[in-house]
Amino acid sequence: MTLTRFDWGIVKRFKVAIVGAGPAGYFAAQALQNLSDESRTFDIDMIERLPTPWGLVRSGVAPDHPKIKTVAKVFEKIAKSEGFRLFANVELGSDLTVEQLQERYDAVVIATGSAIGKKLGIPGEDLPGSISAATFVPWYNAHPDFKDESIDLSTDSAIVIGAGNVAMDVARMLALEPSELDPTDTADHAIDALKKSSIRNVLISARRGAEHAAFTSPELRELPKLEHTNVVIAKSDIDEAIARAGEDIERDTKSNLDAMLLIAEREATSHERTMTFQFLATPIEIKGNARVEEVVFQRTGSEETFSVPCGLVITAIGYEAASLEGIPYERGKVVNTDGFVRDNLYVVGWAKRGPSGVIGTNKSDAADVMHLLAASLKEPKSAGDITEILHHNKVVTQMHWEQINAAEVAAGEPLGKPRRKAVLREELLNLGGL
Ligand code: NAP
């Protein structure tokens, strides 16, 4: 005789709340779905502050990198699986508390990322015209909280500080011929502003040598494909970096330096817009009367200082997690041991390990934490449903989100865009029929 699930009668049904609908949250949900078997299942409620899910895939990934966004198909498959519910436009802190979730669920997973841009901590950093990538990136990606940022692009020169992929995205967005953004899902307000932009020179500035740059080589290798932008790297910078890196060079570093050397050795182009890389320059002060006029750098490892005039500075030097009440934080991360925080509380993604790695890094990271979580659950003991404590009627469920998503895609179609993003919360809620 074959025993069916029903015959066994012992399928344990656990309830898990995941806070944050970005890549780490979806990969945590997927890991739990994969851990479901004949003996246990996991019902997942995903809670998100914005009216839209997908986190950085919607608000972070550069719009000229549509391939990276195809991972959203995986997220939607996870969302359509049995036992998954979305509660977007619901904020932890104002709509409900961590404790309330902990009482109602067998486990709670924090997946809220790190949204705050790190600061340089140098004089002049707060002058108008000095902003963080944590503002600029969500602004061009149509994040509702950043629509009204006044980003002044009426200057000839901009400096992007940092040598990571975010700095590269920011510099590219500033240095692209803006009509190249027409077939992308860049926010309409950003395309309009970038078309009016006076910026023609973008300096991307690293405090260490090229051998320490945090760019990844696919991003460097696509730069020569920019059709309307000169990309300038001094060959001497790369030759010196290669010499410093020596024989025992790591594979990724070598690949980066090879990619930079290719750019450095290319014949110069004479487009209207230029993106230049600067190495070994530590910013020590941002100067200006009433707004940014120049950045003072120290040649790293020496006493020499020099100034570069500019009207816009964007810092892209890493992120910190925004704190949530009732959750312990230290150095921009949730205090945790391998993802375990306390009681039935866990953390995954950038909120757990800090802002590093690509989107896929969150998959194995979340799977490890969900194994721990699942092993800790013996008997279901959650009580009550989230709907009993959610007292507002503008909750975006999966059904509403699918309506928003379809409306955005349909609005983009005649314009040759993958989607035309709605920006304001009310606009998004309207599209969802709320
Ligand atoms: P990141 O890769 O950690 O780079 C941060 C950069 O800021 C480093 O070059 C760092 O230099 C510099 N920095 C830090 N503090 C500084 C200071 N006080 N003064 C001057 N420079 C300073 O961070 P990220 O660019 O924010 O990216 C976060 C993660 O997302 C990374 O893993 C990145 O690869 C990933 N990402 C991937 C993509 C993609 O795949 N296309 C796109 C965007 C982001 P030091 O090394 O000297 O500290």
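Order of listing sets the numbers, starting from 1, for every ligand and every atom in it.
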Selection residues 84-94 - residue pairs positive for salt bridge (Lys or Arg N to Asp or Glu O under 4.0 Å), sequence neighbours left out: D45-R85, R85-D385
Ring geometry between F75 and Y26 (parallel below 30°, tilted from 30 to 60°, perpendicular above 60°): parallel
By salt bridge (charged side-chain N to carboxylate O under 4.0 Å, His left out) - contacts of D156 (at least two apart): none
As a test of reading the model: which N/O atoms of the protein lie under 3.5 Å from N/O atoms of ligand 1, and at what distance?
unit_1: ligand 1; atom_1: 9 (O); unit_2: A163; atom_2: N; d: 3.0
unit_1: ligand 1; atom_1: 15 (N); unit_2: R207; atom_2: NH2; d: 3.4
unit_1: ligand 1; atom_1: 18 (N); unit_2: R207; atom_2: NH1; d: 3.4
unit_1: ligand 1; atom_1: 25 (O); unit_2: N165; atom_2: N; d: 3.3
unit_1: ligand 1; atom_1: 25 (O); unit_2: V166; atom_2: N; d: 3.0
unit_1: ligand 1; atom_1: 32 (O); unit_2: G357; atom_2: N; d: 2.7
unit_1: ligand 1; atom_1: 32 (O); unit_2: G357; atom_2: O; d: 3.3
unit_1: ligand 1; atom_1: 34 (O); unit_2: N165; atom_2: ND2; d: 3.0
unit_1: ligand 1; atom_1: 41 (N); unit_2: E219; atom_2: OE2; d: 2.8
unit_1: ligand 1; atom_1: 46 (O); unit_2: R208; atom_2: NH2; d: 2.9
unit_1: ligand 1; atom_1: 47 (O); unit_2: R207; atom_2: NE; d: 2.9
unit_1: ligand 1; atom_1: 47 (O); unit_2: R208; atom_2: NE; d: 2.8
unit_1: ligand 1; atom_1: 48 (O); unit_2: R207; atom_2: NH2; d: 2.8

So how far is it from Y346 OH to I18 CD1, rounded to the nearest 0.5 Å? 13.0 Å
Distance check, rounded to the nearest 0.5 Å: I191 atom CD1 versus D185 atom CG? 9.0 Å
Which residue pairs satisfy the salt bridge (Lys or Arg N to Asp or Glu O under 4.0 Å) criterion with at least one member in residues 306-331, sequence neighbours excluded? none
